[in-house]
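Okay, structure first, notes after.
For this chain, numbers begin at 1 and follow the sequence in order.
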Amino acid sequence: MDRGFLKAGHLPTLFAAFLYFDISFMVWVLLGPLGISIAQDLHLNAAQKGFMVATPVLAGAILRVVLGAFVDRYGARRVGIAAQIVVIAGLVTTWFIAPHSYEFMFALALVLGLAGASFAVALPLASSWYPPHYQGTALGIAGAGNSGTALAALFAPGLSVLYGWLNVIGLAAIPLMIVLVIFIVLAKDSPRRPAARPLSAWLPLLKKADCWWFMFFYSVTFGGFVGLASSLTIYFNDQYGLAPTWAGTCTALVVFAGSFVRPVGGAIADRVGGVKALIVFYIGAAIVFAIVGAGLPSMWLALPVFILGMLALGMGNGAVFQLVPQHFAHSIGIMTGLVGMSGGVGGFYLASSLGASRQLTGSYGPGFLLFSLLAVLALLGLLYCQRRWRSASEEAISGADMGKVAGAA
């Protein structure tokens, strides 16, 4: 990070966006670290556990599109404050009602999903303050709020053993309240933020191939990240027999690795280009999860391999969002919602497919192998897009040169 970056934007807003994102993500994936306790209480099988922890991820994906539209119209600061108040109210209400049914978990998932939709608030809030050549770094720092998923894995299982999973749901409202106050004080909307776009502006974007490609790219990088963050506590407990607290600690180590390298991925993409960076990250992810799918006999072998995979996915998150503003600079709010939604959908797929794989085959291996294949498909898609973008750029340069010649004549 150079001095120019420190002067280019608004650091208090960048910090507020990171903190808002961090605590919101902690709440978003809360059912994953609590999944062992909830499953024992409600007598859930592997498929039910997988679907339960995946549902808040899907809810967050859908709600990101809604918040993205509101951010374009009303500004990230106001939308962020309103969403945080709703999440706090939902957690407190759940704790007060104290439900004990599998069906109610899906109502709670909507509340947790709204916390996950904070992605569509934090990233446009940070992005709008910074020029194009600092987008990767700024969005990487704000997006490092992914680390909140590690906080959930680190603390929630142990607190659940001591106080019960319902009380952990209630306790989660406390840090949300503190961060809400900080966000209100520090966060400001940029005077340069894009003007509000009508809902009709979404349709032209969905007609562009690049929009769908970016959605797919992020469904692999972020989908892998949040899917694993939601599932690994249950996976480590089931696959290697770790106690809930130790399973959560190992999950936190893996997730921390992926969280804090997101700014690194954005900075690398700023230097070498987002496409080159993503090629390396996709190759790394494909190799790692193929190894996991083939099977690792020991937790001590699995842990470093998962960390390597999360490093690739975490840096890939930063690299994807280094590219998005370059291609959709005037629709960043809508694109953040769409791309963020696809990341959530990818996370839902991975978390639910791992549970289904365990239920149907007795092994998590097929689920990981399919995810490795998705990373390979993303790599091939990226190479295709690179060739197409390069051709379009060469045609534009050629057209400009012809125009100069004609003007001189």
Side-chain angles (χ1 to χ4, degrees), residues 18-40 49 52-54 56-57 60 87 91 95 108 112 115-116 118-119 122 141 143-179 182 222 224-264 299-300 302-311 313-314 317 347 350-351 354:
F18 162 78
L19 200 59
Y20 177 88
F21 197 6
D22 193 63
I23 297 301
S24 295
F25 262 43
M26 178 191 75
V27 172
W28 186 29
V29 299
L30 205 51
L31 289 186
L34 296 177
I36 298 170
S37 298
I38 296 173
Q40 291 173 348
K49 284 190 287 186
M52 178 187 69
V53 302
V57 180
V87 172
L91 294 178
W95 173 75
L108 178 59
L112 302 183
S118 61
F119 180 96
I141 292 172
N146 288 340
S147 59
T149 56
L151 296 177
L154 188 61
F155 296 112
L159 290 172
S160 178
V161 171
L162 291 174
Y163 304 111
W165 64 269
L166 264 172
N167 286 326
V168 177
I169 296 291
L171 287 171
I174 297 175
L176 283 176
M177 294 176 189
I178 295 171
V179 169
I182 296 173
F222 185 77
F225 173 87
V226 75
L228 289 175
S230 300
S231 304
L232 279 183
T233 301
I234 294 173
Y235 173 80
F236 288 146
N237 171 259
D238 191 23
Q239 185 75 9
Y240 298 108
L242 296 187
T245 302
W246 279 109
T249 300
C250 291
T251 300
L253 288 174
V254 174
V255 175
F256 267 126
S259 300
F260 287 108
V261 296
R262 181 168 182 147
V264 176
M299 178 64 199
W300 303 112
L303 186 60
V305 173
F306 272 113
I307 289 175
L308 288 174
M310 274 297 216
L311 289 173
L313 295 174
N317 290 334
L350 179 58
L354 290 177

Q.
Can you tell me how the ring of Phe306 sits relative to the ring of Tyr235, calling it parallel under 30°, perpendicular over 60° and tilted otherwise?
A. perpendicular
Q | Note, Leu350 side chain near Leu228 side chain (heavy atom, < 4.5 Å) | A | yes
Q. Of the non-hydrogen atoms in Pro157 and Pro33, which two are nearest, and what is the gap between them?
A. CG-O, 3.6 Å
Q) Considering only heavy atoms from C-beta outward, does the side chain of Ile23 approach that of Met26 to under 4.5 Å? A) yes
Q: Could you pull out the closest heavy-atom pair between Thr149 and Ser259, with the gap in Å?
A: OG1-OG, 4.2 Å
Q. Can you tell me how far the CG atom of Leu108 sits from the CH2 atom of Trp95, to the nearest 0.5 Å?
A. 15.0 Å
Q. If you round to the nearest 0.5 Å, how far is CD1 of Ile38 from CD1 of Ile169?
A. 6.0 Å
Q: Grab the two heavy atoms, one from Tyr240 and one from Ala302, that are nearest each other, plus how far apart they are.
A: OH-CB, 3.4 Å
Q) Where is the tightest heavy-atom contact between Asn317 and Phe225, given as atom of each residue plus distance? A) ND2-CB, 4.0 Å
Q | Leu30 side, atom CG; Trp165 side, atom CH2 - distance, nearest 0.5 Å | A | 10.5 Å
Q. Do the non-hydrogen side-chain atoms of Trp28 and Val57 ever get within less than 4.5 Å of each other?
A. yes
Q: Taking all non-hydrogen atoms of both residues into account, name the closest pair between Ser231 and Leu354 and its distance.
A: CB-CD1, 4.1 Å
Q: With rounding to the nearest 0.5 Å, note down the distance linking CE in Met310 to OG1 in Thr251.
A: 8.5 Å
**Q.** Straight-line distance of Phe155 CZ to Thr245 OG1, nearest 0.5 Å
**A.** 12.0 Å
Q) Between CZ of Phe236 and CG of Leu232, what distance do you get to the nearest 0.5 Å? A) 4.5 Å
Q) Does any N or O in the side chain of Ser118 come within less than 3.5 Å of the main-chain N or O of Ala115, such that one atom is a donor and the other an acceptor? A) yes
Q. Do you know the tightest heavy-atom contact between Ile307 and Ala257?
A. CG2-CB, 3.8 Å
Q: Check step by step if side-chain contact (heavy atoms from CB on, under 4.5 Å) holds for Leu34 and Val53.
A: CA-CA 9 Å; Leu34 296 177; Val53 302; over 6 Å; no
Q. Are any non-hydrogen side-chain atoms of Cys250 and Leu242 less than 4.5 angstrom apart?
A. yes
